[in-house]
Amino acid sequence: MLTAETLTVRLGAHEILQAVDFTAHAGEVTAIVGPNGSGKTTLLRALTGDVAFTGAARIGALDVARAKPWELASRRGVLAQFTGVAFPFTVAEIVRLGQASGTAGAATDLTEQALARVGLAGFAPRRYHDLSGGEQQRVQLARVLAQVWEPLDESGPRWLVLDEPVASLDIAHQIEVMELARAFARAGGGVVAVMHDLNLTAMFADAVALMARGRVVTQGPVTAVFRDSTLSDAYGCKLRVNVAPPSSTFILPHAALT
Amino acid sequence: MTALAEPIGRGGAERASLARRASGWLVLALVLVSLASLFVGATGLSPFAFLKAMLAGDAVDLRTKVVILDIRLPRLALGLLVGASLAVSGVVMQGLFRNPLADPGLVGVSAGAGLGAIVAIVLGGLLPPALAAAMGYALVPIAAFAGSWLSVIVLYALATRGGQTSVATMLLAGIALAALVGAVSGTLIYMADDAQLRTLTFWSMGSLGGATWGKVAAAAPLMLAGLIAAPFLARGLNALALGEPAARHMGVDVQVLKRVAVVTVAAAVGSAVAVSGGIGFLGIVVPHLLRLSIGPDHRYLLINSALLGAIILTLADMVARVVVAPAELPIGIVMAVIGGPFFLWILMRRRGLMMGL
């Protein structure tokens, strides 16, 4: 389980996160959604130990505030919204950095497998800086995957922590990446992802936490959280949740319906 | 140097084997250059006669023995250590600042060392005569070393808040500190007499001349410590190329990495500058050339930079010793005259492939 209890993050005089409680379970894809500036990325950065916070954050048995960087690295991988690379590394070299930092599958080279999982088979010898933005983001995802390759081992589940993993991807790769996340969860791992696309979230998330103004407004299964009034209040615009047969949910802005 | 002609953009595995082969060639080149430097100089010596005499167990004549063992060998040792230290420190600084143009000067080492040397040269006469006599020629190196450490400590303290060191603050504070140090140095130079100015000028151009085993013994431990510590930074520096958050996510204690990197560079460059004066150029060009040929992986870059840095400085010192023999050129001039155009040539050849560097 990945948990946050009364997590508060201050930046100067502002409380960016106000006593947030949050829980994600292994075996599930948990999405964090909410409008811009609601604190989604800050919550993620607190969970990964990147910002100072009061309260408690735990990944399995690890206390995020106290655990050593390498202890955390062996249990969770983190994909940021953007990762700049300073020197002319190849795709393979970057993916290997991920594998070298985790504890999973160190015996065999996972580069090709990890790249194939993100749809970049054959890209290993390419120079990272020659790739498009979407391809670069998928290389970073392959690196994170190589770090936490086995979703579940004797010490428990591993975690994928993803900040807007599909933001720079085309629709086919959005689905590919979300399916990859779901497969990781079904194999016993845990996934926490900040999402902007509510329809992709409805399609792939098992649980969702809706944030607004530095708080988690509500958390639970998608069908419980995605309601017209709840979403409309959080985002400050009229939204309608539709359920199409057999049971797929899609959300439309109200303006599109009139 | 055939490695330089290899195309870039190949896979990690091929680059790794290329890097290992490059190490082999560089070791061979290092041995050859070292041997050559022992027998090239103002006093012509035949390596064959020397070896024959040694092998036959004959007494080598005293003059040869003194030139080889007491003049050229310590100078060679110093050149190898200084060259390796400057090049490796360049790699570490570039990795730390995530910028291929960073050099040890950015953390205040060079400015501090320069100020120390200037203070010693200009104000050394104010020391109590007994102390000045006891320190002798060691005064300038000791002052340079102290100056480099002092400025590194000040910069590190300025850039560290709440246990976190900001590399960007360090860079900016380094510029401010360099300006301040420049002003103090300028004032002292203004006060200096002609003899002191001459000493200063030659110090700033760098030289391996006057190397003795005593000097080597004094400077070697810290340079060796830096050279031995550097390879342990390789994995952390590789991860840091993806930024501080990504490095942390991959299990690197970034704060420890920064601290060790800065201390390593201060130890290696502080003692290198103290014994050889201002030798520029190596710290940027050597890592750059190697990145173009074997890639940016620090596990190979650090070791190969040490080798290539040692080779280039030893070669430059040979040139410095022979072109105007029996006089000597300052090695800084040789480095600039040979290195500058060579580096430009590499840049022009690679111009189309420099994106992302």
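Residue numbers start from 1 in every chain, and the chains themselves are labelled A, B, ... in the order their sequence lines are given, proteins ahead of strands. Computed from a predicted structure; not experimentally measured. All values below were derived from every heavy atom in this structure, side-chain atoms included, with hydrogens, water molecules and symmetry-related copies excluded.
- Contact annotation for A:Glu71: neither backbone nor side-chain heavy atoms come within less than 4.5 Å of a heavy atom of chain B.
- Heavy-atom minimum distance, A:Pro69 versus B:Val252: CB-O, 3.7 Å.
- Here the OG1 atom belonging to A:Thr90 is positioned 9.0 Å from the CG atom belonging to B:Asp297, to the nearest 0.5 angstrom.
- At least one side-chain heavy atom of B:Leu242 sits under 4.5 Å from a side-chain heavy atom of A:Arg143.
- Each of A:Asp50, A:Val144, A:Val91 has some count of heavy-atom pairs under 4.5 Å with chain B, and the biggest count is that of A:Asp50.
- Closest approach of B:His249 and A:Arg76 over heavy atoms only: O-NH1, 3.2 Å.
- Between B:Asp253 and A:Lys68, no side-chain nitrogen of the basic residue sits less than 4.0 Å from a carboxylate oxygen of the acidic one, so the salt-bridge criterion is not met.
- Looking at B:Asn238 and A:Phe87, their side chains never come closer than 4.5 Å, going by heavy atoms from C-beta outward.
- Contacts of A:Leu72 with chain B are absent, with no heavy-atom separation under 4.5 Å from either backbone or side chain.
- Using a 4.5 Å cut-off between heavy atoms, A:Leu79 does not touch chain B at all.
- Not one N or O on the side chain of A:Glu93 forms a donor-acceptor pair closer than 3.5 Å with the backbone of B:Pro296.
- When side chains are defined from C-beta on, B:Arg235 counts as touching A:Ser101, because their heavy atoms get closer than 4.5 Å.
- In this structure a side-chain-to-backbone donor-acceptor pair under 3.5 Å is missing from B:Arg248 to A:Ala73.
- Sparse packing is recorded around CG of A:Leu11, with 12 or fewer heavy atoms of other residues, nucleotides or ligands lying under 6.0 Å away.
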